[in-house]
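Scroll down for the structure; my scribbles are underneath it.
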Protein chains: 2
Amino acid sequence: MAAVDLSTHPGHLARRLQQAHTLLWTTMVSEETTSPQFAVLNALAEKPDIDQRTLSEHVHLDRSTIADLVARLGRRGLLERVRDPRDGRRNVLKLTDQGAAVHRGLVTRTARMNKVFLAPLDEEERETLLRLIGRVADAAEELRG
Amino acid sequence: MAAVDLSTHPGHLARRLQQAHTLLWTTMVSEETTSPQFAVLNALAEKPDIDQRTLSEHVHLDRSTIADLVARLGRRGLLERVRDPRDGRRNVLKLTDQGAAVHRGLVTRTARMNKVFLAPLDEEERETLLRLIGRVADAAEELRG
DNA sequence: GCGAGTTGCTCAGTGCACTGACTATTTCTT
DNA sequence: AAGAAATAGTCAGTGCACTGAGCAACTCGC
C-alpha cells in the first residue's frame, strides 16, 4: 500500500552499485586489500608525506575512518606513520617498499576488473555514467562545503 | 608514481555517490531511520507477511544484514517478527501501525530529497543515470546468481 | 519412516563510515 | 607573552555489509 519503486531511487541504486562492485573486487582484485584501502595506497603513491587530514580529502573519507584504515595498512606493513617534527599534531604518511609493490600489483588488476564491471555498457555509455555520477557527487559534496 | 585517476573508477565513484546520498538523507529525510531501513519498510508496505529471506532478495541485502536491520526496526516497534506456525524456520514480518505511519511520512520526504540530489542533472540525464546504474548493478548481480 | 540434504536464521568476526566528544599542539589576537 | 581559536588525531558509539560456522526445522529419496 503506497509503496514506492526503489529502482527509481538513486540512493538505493548507489548502494546496489557499490555492493556489486565490492563483490567483484574481492573475486577479481584482492581478498586482502579492499577498494578504499587501494584508494589510500594510490593517493600515497601519488603524493607521499601527506598527513591524514589531507589524505582524507583526497580519497573523500572522514578523518576517523582514515585513522582506522591507516592503522590497518600500517599493521600490514604497507605504510609508515611518523609524527611530523615540524608540527606535532600531524602524522606524516608514506608507503613502504612493500606498500608500493602491493599498489603496483593492484593497479593492473583493478583496470581489468573495471572492464568487466562496465562490460554491459558501450564506450559512450561508460563515459556518460562516470561523468553523471561525478557531477551528482560533486554537487552533493558542495552542499556541505 | 604510476598512480591512477580514481575519478575514472566506477567503484570509487559509487562509494562517493552513496556517501553523498547518506549525508543528504540524514539532513533532509530522517536522522533516526536510514535509507536501508526505509527500503525494508517499503518492501513490507508492499508485501507484508514475507520472511527475512524473501525480504533480503527484495532489497538486495544479505541475510545476516537483514537480521540486524529487522532487529533494530523491531526494537523501535516499527515491525513485528512472528515465528511461522506452518514453517518453524521462518520469521514472518509485518509492519505495525506505527511502522506504516513512519513509512508514509518518509515517502514524501524521500521524493523531495531525490529531487535535490539529482538537481544538477536535467530530466534526460536523470533517466540515463538511473538506467545505466541499474544495468551495471543487474549484470554484476547476475555474475553471482 | 528415516537419513541426507536443503533451507531459514543466528552468531562471531572483520571492515567501512559517520557523529560527537576529547586531547594535544599550533596559530592567531591582543 | 598569555589567552582564545583553530587544527590534527584519537576514541566511543552506532549502523551498514559481508563471510563462514553452526543450529533448528523442513523436504526429498528410497
Side-chain angles (χ1 to χ4, degrees), chain A residues 11-12 14-27 30-40 49-57 59-76 81-93 140-141 144, chain B residues 11-12 14-27 30-40 49-57 59-76 81-93 140-141 144:
Chain A
H12 189 247
R15 193 183 52 69
R16 283 184 54 202
L17 186 65
Q18 210 211 327
Q19 173 191 332
H21 173 264
T22 305
L23 200 64
L24 200 58
W25 178 282
T26 56
T27 63
S30 170
E31 292 190 11
E32 299 86 41
T33 309
T34 65
S35 171
Q37 285 172 11
F38 172 71
V40 165
D49 299 310
I50 57 177
D51 63 12
Q52 293 182 189
R53 168 66 125 193
T54 311
L55 176 59
S56 80
E57 278 160 18
V59 297
H60 294 96
L61 281 174
D62 177 278
R63 60 202 204 290
S64 46
T65 302
I66 281 289
D68 269 9
L69 252 162
V70 161
R72 272 189 285 274
L73 292 173
R75 248 180 270 131
R76 285 172 54 199
R81 179 160 44 162
V82 183
R83 205 103 221 172
D84 187 345
R86 297 221 164 259
D87 185 340
R89 295 168 298 183
R90 291 196 170 105
N91 287 333
V92 176
L93 306 172
E141 281 161 11
R144 259 309 183 215
Chain B
H12 189 248
R15 193 183 55 67
R16 283 185 53 203
L17 185 66
Q18 211 211 325
Q19 174 191 333
H21 173 264
T22 304
L23 200 65
L24 201 57
W25 179 281
T26 57
T27 63
S30 170
E31 292 189 12
E32 299 85 40
T33 309
T34 65
S35 171
Q37 286 173 9
F38 172 70
V40 165
D49 298 310
I50 58 177
D51 63 12
Q52 293 183 190
R53 168 66 125 190
T54 311
L55 176 60
S56 80
E57 279 161 17
V59 298
H60 293 96
L61 280 174
D62 178 278
R63 318 131 190 73
S64 44
T65 303
I66 282 287
D68 269 8
L69 252 163
V70 160
R72 272 189 286 273
L73 292 173
R75 247 180 271 130
R76 285 172 55 199
R81 179 160 45 162
V82 183
R83 206 105 221 171
D84 188 345
R86 296 220 165 260
D87 185 340
R89 292 168 299 185
R90 290 195 172 107
N91 287 333
V92 176
L93 306 172
E141 281 162 11
R144 258 308 184 215

Can you sort out the partners of A:Arg83 under side chain to side chain contact (heavy atoms under 4.5 Å, CB included), two or more places apart, ordered by chain and number?
-> A:Asn91
Starting at the 5' end of DNA chain D and moving along, which residue's nearest nucleotide shows up first, A:Arg83 or B:Thr34?
-> A:Arg83
Which nucleotide in the set D:dC18, D:dG15, C:dT10 lies at the smallest distance from any side-chain heavy atom of B:Leu61?
-> D:dC18
Nearest-neighbour nucleotide for the A:Arg63 side chain, C:dG8, C:dC18, C:dA21 considered | C:dA21
On DNA chain D, check which nucleotide each of A:Leu23 and B:Leu69 is closest to and give me the residue with the more 5' one.
-> B:Leu69
For C:dT10, take OP1 and OP2 only and decide whether either is under 4.0 Å from a side-chain N or O of B:Gln52.
-> yes
To the nearest angstrom, how far is B:Leu55 atom CG from C:dC9 atom C1'?
-> 13 Å
Partners meeting side chain to side chain contact (heavy atoms under 4.5 Å, CB included) with B:Thr34 (sequence neighbours left out) = B:Pro36, B:Gln37
Side chains of A:Thr54 and A:Asp51: is there a donor and an acceptor less than 3.5 Å apart?
-> yes
C:dC18 phosphate, OP1 or OP2: any side-chain N/O from B:Gln19 under 4.0 angstrom?
-> yes
Any side-chain heavy atom of A:Val70 within less than 4.5 Å of one from A:Leu55?
-> yes
For B:Val92, which residues count as a side chain to side chain contact (heavy atoms under 4.5 Å, CB included) partner, sequence neighbours excluded?
-> B:Asp49, B:Asp84
Euclidean distance, atom CZ of residue B:Arg16 to atom C1' of C:dA17 [Å, nearest integer] = 16 Å
Give a yes/no answer on whether the side chain of A:Gln18 brings an N or O atom under 4.0 Å of OP1 or OP2 in D:dA17.
-> no
State which of D:dT10, C:dC9, D:dC18 makes the closest approach to the side chain of A:Ala67.
-> D:dT10
Atom-pair distance (CD1 on B:Ile66; P on D:dT19), nearest Å | 14 Å
Rounded to the nearest Å, what distance is computed from the CG atom of residue A:Leu73 to the P atom of nucleotide C:dT14?
-> 16 Å
Residues passing the side chain to side chain contact (heavy atoms under 4.5 Å, CB included) test with A:Glu32, sequence neighbours excluded, are A:Ser30, A:Arg76
Whole angstrom is fine here: how far is it from CG in B:Asn91 over to P in C:dT7?
-> 18 Å
From CD1 of A:Ile50 across to P of D:dA8 the rounded distance in Å is 12 Å
Out of C:dG15, D:dT10, C:dC9, whichever nucleotide has its closest atom nearest the side chain of A:Gln37 = C:dG15
Those residues at least two apart in sequence (or on a different chain) that pass ring pair (Phe, Tyr, Trp, His ring centres under 6.0 Å) with A:His21 are A:Trp25, A:Phe117
When rounded to whole Å, the CG to C1' distance for the pair B:Asp68 and D:dC18 reads 11 Å
Below 4.0 angstrom from OP1 or OP2 of D:dG9, is there any side-chain N or O of A:Arg90?
-> no
To the side chain of B:Arg53, which of C:dC9, D:dT10, D:dA8 is closest?
-> C:dC9
Grab the CG-P distance between A:Asp51 and C:dT26 for me, whole Å please.
-> 13 Å
Spacing of B:Arg15 atom CZ and A:Leu61 atom CG [to the nearest 0.5 Å] | 4.0 Å
If the sugar-phosphate is the primed atoms plus P, OP1 and OP2 and the base is the rest, what is the B/S/- string for nucleotides 20-28 of chain D, using protein heavy atoms under 4.0 Å?
-> -----BS--
